Amino acid sequence: MTKNILVVEDELSIATLLKYNLEQAGYNVDIAHDGQTGLDMALSLKPDLLLLDVMLPKLDGMDVCKEIRMHKMNTPIIMLTARDDEFDKVLGLELGADDYMTKPFSPREVIARVKAVLRRFSPQVVAAQQESAEKIFEFNGLRVYPDRFEVLLNDESLEFTPKEFELLVYLIENKNRVLTRDQLLSAVWNYDFAGDTRIVDVHISHLRDKIEENSRKPIFIKTIRGLGYKFEEPKAI
Ligand code: CA
């Protein structure tokens, strides 16, 4: 199935270049030239992925990103930023972006990044994985289906951004082990964030807000002072 990508970019030359190269790579591409149109199109077209410029007329990329997440859309978002933008990448990721790329980028880089992000969240991949034995993690009312991108807490479905979900699954796969912020950073974010571990703390706090009954007294995700975090398997009740 052809994937649909929405490019929100006000610079015509960049938008055209992205459209051309993505179409060459076999994607369907729609373009919006300002943030408000981009948001409207994202909500109505429900694309498989969004390439979202930060500096946009009418509504900036950060606000578009925030609005999309407020509408409970989990569409992966790659933010596009100029090198001299005062773009706080941590804030961007906090608002729900999954990745970002700094201009100028080569078409090859963009395609590679798009493919990587889509591979992670492709429903076909999810479906294929579901047909083989499905993996489920279950702890005291918390059920995590890593292949389905689904988390249930006491049978209620929770909304996660892709990065929050990846972080949760990584913590669970390494349960009862202390993981440093740097380990989490390189496992979940891979690149570009060397040294900037605030993003880990921000995501941990989002996870706790969602899965812990009392995020100040977490039973699942423990802080190990001076070291990092640990997902602790709670004692069966
Ligand atoms: Ca721009």
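The structure presented is a predicted model; accordingly, all values stated were derived computationally and were not measured. Note that ligands are numbered from 1 as they come in the structure, with each ligand's atoms numbered from 1 the same way. What you see below is based on every heavy atom in this structure, not just the backbone, and it leaves out hydrogens, waters and symmetry mates. Index from 1, following the sequence.
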> Can you name the one residue among Leu49, Leu52, Leu51 that meets side-chain contact (heavy atoms from CB on, under 4.5 Å) with Ile77?
Replying inline: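 So, applying the side-chain contact (heavy atoms from CB on, under 4.5 Å) to Ile77 and each of Leu49, Leu52, Leu51, only Leu52 qualifies.
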
>> Closer than 3.0 Å to the Ca ion (ligand 1): does that hold for any N, O or S atom in Asp53?
In response: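 Asp53 does place an N, O or S atom closer than 3.0 Å to the Ca ion (ligand 1).
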
> the Ca ion (ligand 1) to Glu11: any N/O/S contact under 3.0 Å?
Replying inline: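 For Glu11, the answer is no, given that no N, O or S atom comes within less than 3.0 Å of the Ca ion (ligand 1).
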
>> Taking salt bridge (Lys or Arg N to Asp or Glu O under 4.0 Å) as the criterion, tell me which of Arg177, Lys175, Lys222 meets it with Glu232.
In response: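 Among Arg177, Lys175, Lys222, the one that satisfies the salt bridge (Lys or Arg N to Asp or Glu O under 4.0 Å) with Glu232 is Lys222.
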
>> Surrounding CD of Glu213 (heavy atoms of other residues, nucleotides or ligands, distance under 6.0 Å), is the total greater than 12?
In response: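 No - once you tally the heavy atoms of other residues, nucleotides and ligands closer than 6.0 Å, there are 12 at most.
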
>> For the Ca ion (ligand 1), give me the closest N/O/S atom belonging to Asp10, just the atom name.
In response: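 Checking each N, O and S atom of Asp10, the shortest distance to the Ca ion (ligand 1) belongs to OD1.
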
>> Whether Lys210 and Glu164 form a salt bridge (side-chain N of Lys/Arg under 4.0 Å from carboxylate O of Asp/Glu) is what I want to check.
In response: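 Looking at Lys210 together with Glu164, the answer is yes, because their closest N to O distance falls below 4.0 Å.
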
